[in-house]
Amino acid sequence: MALSRNEFVVLSALAKTGEQTTAQTLSEVTGLSRERASAAMCSCAEQGLLDAGRITERGIEALEPYRVHNAVIMAAGLSSRFVPLSYERPKGMLRVHEEVLIERQIRQLLKRGISDITVVVGYKKEYFFYLAAKYGVHIVVNDQYAEKNNSWTLWLVRDRLSNTYVCSSDDYFTRNPFERYVWKSYYAAEYVSGPTEEWCLTTDSSDRITGVTVGGRDSWVMLGHVYFDREFSRRFVALLDEAIRRPETGPKLWESIYADHLDALDMEIRRYPAGVIHEFDSLAELESFDPEFINNVDSEIFDNIVSVLGCPREDIRDFYPMSQGITNLSCHFSVGGNEYVYRHPGKGTDKMIDRTTETRANEAARKLGVDRTFLHEDPKRGWKVCRFIPNARTLDPSNLTEVGQAMRLCRRIHESGVRLSGSFDFFENGLGYERVLAEHGPIDIPGYAELREKVTRLSGLSSADGYEPCFSHNDYLPFNLLFDEKDELNVIDWEYAGMSDPMNDVATYVICSEADESAAEKALELYLGHEATARERRHFWSRVVLGGWCWYVWALAKEAEGAGVGEWLYIYYSYAANNVDRVLSWYEGVPEAASV
């Protein structure tokens, strides 16, 4: 039985109480005028849906098509804007006003009789598993949370979309927004005065959403939960499935897919007054809502910062994520007008990096005046606090003046006399990364064994050249060479430092700046201070090959550990594979072989 909107409003209100009600009371509860409430009651009574102001069994049956079947809570994302706390736990697990965000939302759903709840997890998924036993929720794992958007999360639960609430795990509702019965699909919205970067909505006279734009002003914006009715879900799943299968639309947010098909997808706006829905896009927003949050939050990162800077927790402000390196996570923060960087060790780095040696290298670099940013590193856990360089810029490989400055500084580091207990050898470390890679299964990459055999031969030949190990950075790439506002050069991120062949740094610079042969030879000349001899040139190119292979295997291991490195995998490989035959011919005295 199809109900009019007013009939639905009256019946759903009566279903909540089960008590006899008057038109005046219904008007006060539902917001309908007394006349409309009375007319709807009369219409329902004529159909046998009401009797003496009470809902009947037939009235309950009439509401059945509008009953909420279930809820999906999306909890897979990284919440990168919520650093540094998101480094330690998912945002939905934060405790706000003494309640865990996702738990508060689950309890609000249960209070409305919605017990079929699915939580889709990804990042730090294990933090959510206890919810299954505590609340009886279903757990679905999204293993591609880092590569794909929230459209993939919904695609994973497409068979569960019906009359469904779709929520985010990190929303906080000051009053329970959920209902047992819902008239039709809607998106929650809040009015924003002035300019905004949120998703802005336009509607027609019946409140159907007719337009969605990213950014605007003086507008109702998407905020909080959304409700899919059965018909919306049916149409949306078909469009979602089509979008997921296309490379150009697969990475889109589900909201973007919806916005692309407004004509086919009927959804209305549900307006909420300010202060009901909170999404907390930043730590500052959360602190404003819950002033005691920072003092109460269980955060080792905050404790670490306090231990280094000796400041109160409440003075630590202005967090935002920085450009993420391949290995670690870093964020900016400030204390008392001074700016800093907190470095959080990335996934799998404990298997690849000697943090004790890194700490000693950082301390040596600071003493030499090579890295003026370093403040403290924990040699056991790998976290680090540094000064932030405002308006810093990385070295430009096309600027020979800057390249010369970097090469001369590299030579000074090598000749500093600093000694470290740890060493870094391209071939031996590459074998270590190979062992990490092998933990994930046989290495059956086509051509891998052949390249490895050639690199093994070259390593022995190169080592016989007799270059003494020296204090080296071993990750000497443009991204780690920072110029400050005074054009002074800082060498940062000494993770791979150790006693190494002096050509390791020049070779790594060449590889990671993607230098061609001419630029590589020029960098070598600037390092040496003279044109390279045949012996020096041969040894340098051997380190390019060995470095390419070392970082190629490192990248394979990182990929296997779940930390993608993108195009760098091929860049590293190419420097090894494209040069190994040529360099071997120089050592072995055979005609130069074709490049592989």
Side-chain angles (χ1 to χ4, degrees), residues 1-69 108-109 111-114 163-165 173-193 200-211 218-232 262 265-277:
M1 176 185 295
L3 299 173
S4 70
R5 183 186 289 268
N6 289 347
E7 288 171 343
F8 167 80
V9 169
V10 165
L11 288 178
S12 59
L14 289 170
K16 289 179 184 178
T17 64
E19 299 177 356
Q20 186 177 27
T21 309
T22 65
Q24 179 60 41
T25 301
L26 279 173
S27 175
E28 295 169 359
V29 171
T30 64
L32 294 174
S33 67
R34 189 180 185 285
E35 292 74 16
R36 290 185 176 181
S38 179
M41 288 185 71
C42 289
S43 175
C44 288
E46 290 172 1
Q47 299 174 71
L49 310 179
L50 293 183
D51 183 19
R54 288 188 175 89
I55 190 168
T56 65
E57 287 297 323
R58 189 173 180 184
I60 295 295
E61 291 174 5
L63 282 174
E64 183 60 22
Y66 307 94
R67 181 175 59 83
V68 177
H69 297 157
Q108 288 176 324
L109 286 162
K111 191 171 183 178
R112 294 294 188 256
I114 304 165
N163 283 356
T164 305
Y165 278 115
F173 305 112
T174 56
R175 68 169 189 247
N176 195 337
F178 304 117
E179 302 161 306
R180 188 184 297 268
Y181 302 102
V182 180
W183 168 247
K184 69 175 296 185
S185 58
Y186 71 80
Y187 208 120
E190 181 180 289
Y191 189 78
V192 174
S193 297
C200 299
L201 303 175
T202 55
T203 59
D204 63 17
S205 58
S206 63
D207 273 349
R208 174 172 175 159
I209 297 172
T210 56
D218 302 326
S219 177
W220 287 92
V221 302
M222 290 178 166
L223 187 72
H225 60 295
V226 62
Y227 179 73
F228 291 6
D229 63 26
R230 186 184 289 104
E231 178 61 18
F232 183 96
L262 293 177
L265 298 170
D266 185 6
M267 177 175 280
E268 65 182 20
I269 191 172
R270 176 70 67 91
R271 295 179 175 87
Y272 285 85
V276 174
I277 304 172

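Because only heavy atoms are used, hydrogens play no part in the values below, and waters and symmetry mates are left out as well, while side chains stay in. Heads up: numbering here begins at 1 and tracks the sequence.
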Go through it in stages, so that I can follow the logic: the residues are Leu63 and Leu3, the test is side chain to side chain contact (heavy atoms under 4.5 Å, CB included), and I'd like the CA-CA distance, side-chain angles, deciding distance and then a yes or no.
CA-CA 8 Å; Leu63 282 174; Leu3 299 173; 4.2 Å; yes
Ile114 side, atom CD1; Tyr165 side, atom OH - distance, nearest 0.5 Å:
5.5 Å
Of all the heavy-atom pairs spanning Ala15 and Tyr181, show the shortest one and how long it is.
CB-CE1, 4.0 Å
Over all heavy atoms of both residues, which pair between Gln108 and Pro177 is shortest? Give the atoms and the distance, please.
OE1-CD, 4.3 Å
Around atom CZ of Arg112, are there more than 12 heavy atoms of other residues, nucleotides or ligands at under 6.0 Å?
yes
For the aromatic rings, using the six-membered ring if either is Trp, is the centroid distance between Phe173 and Phe178 under 6.0 Å?
yes
Describe, in one word, how the ring planes of Tyr191 and Trp220 are oriented to each other, choosing from parallel (under 30°), tilted (30 to 60°) and perpendicular (over 60°).
perpendicular
Look up atom CD in Glu190 and atom OG in Ser219, then write down how far apart they are to the nearest 0.5 Å.
11.5 Å
So for atom CG, which belongs to Asn176, do other residues, nucleotides or ligands contribute more than 12 heavy atoms lying within a distance under 6.0 Å?
yes
Rounded to the nearest 0.5 angstrom, the OG1-CZ distance for Thr203 and Arg208 is 11.5 Å
Counting C-beta onward and ignoring hydrogens, is there a side-chain heavy-atom pair between Glu268 and Trp183 closer than 4.5 Å?
yes
Mind listing the closest non-hydrogen atom pair of Leu262 and Thr210 along with its distance?
CD1-O, 3.3 Å
Between Ala13 and Leu26, what is the shortest heavy-atom contact and its length?
CB-CD2, 3.9 Å
So do the side chains of Met267 and Val226 get within less than 4.5 Å of each other, counting heavy atoms only?
yes
Reported CD1-to-OG distance for the pair Ile60 and Ser12, which is rounded to 0.5 angstrom
10.0 Å
Separation between OG1 of Thr21 and CG of Leu14, rounded to the nearest 0.5 Å:
4.5 Å
For residues Asn6 and Ala40, report the shortest heavy-atom separation together with the two atoms involved.
O-CB, 3.7 Å
Should we say atom CZ of Arg36 is surrounded by more than 12 heavy atoms from elsewhere, each under 6.0 Å from it?
no
Closest heavy-atom contact between Ile209 and Ile269?
CG1-N, 3.9 Å
Does any non-hydrogen side-chain atom of Ile55 lie less than 4.5 Å from one of Leu50?
yes
In this structure, are over 12 heavy atoms from other groups packed under 6.0 Å from Glu57 atom CD?
no
Side-chain contact, heavy-atom cut-off 4.5 Å: Val68 with Glu179?
no
Once you measure the plane-to-plane angle for Tyr186 and His225, does it fall in the parallel (<30°), tilted (30-60°) or perpendicular (>60°) bin?
perpendicular
Would you call Thr25 and Glu19 a side-chain contact if the rule is heavy atoms closer than 4.5 Å?
no
Student check: side-chain heavy atoms of Val10 and Leu32 closer than 4.5 Å:
yes
To the nearest 0.5 Å, atom CG of Asn163 lies from atom CZ of Phe228 at 12.0 Å
Side-chain contact test, heavy atoms from C-beta onward, threshold under 4.5 Å: evaluate it for Asp207 versus Arg271 and give yes or no.
yes
Is there a salt bridge (Lys or Arg N to Asp or Glu O under 4.0 Å) between Arg67 and Glu64 once you walk through the steps?
CA-CA 5 Å; Arg67 181 175 59 83; Glu64 183 60 22; 2.9 Å; yes
Taking the side chain from Thr56 and the backbone from Asp51, do they hold a donor-acceptor pair closer than 3.5 Å?
no
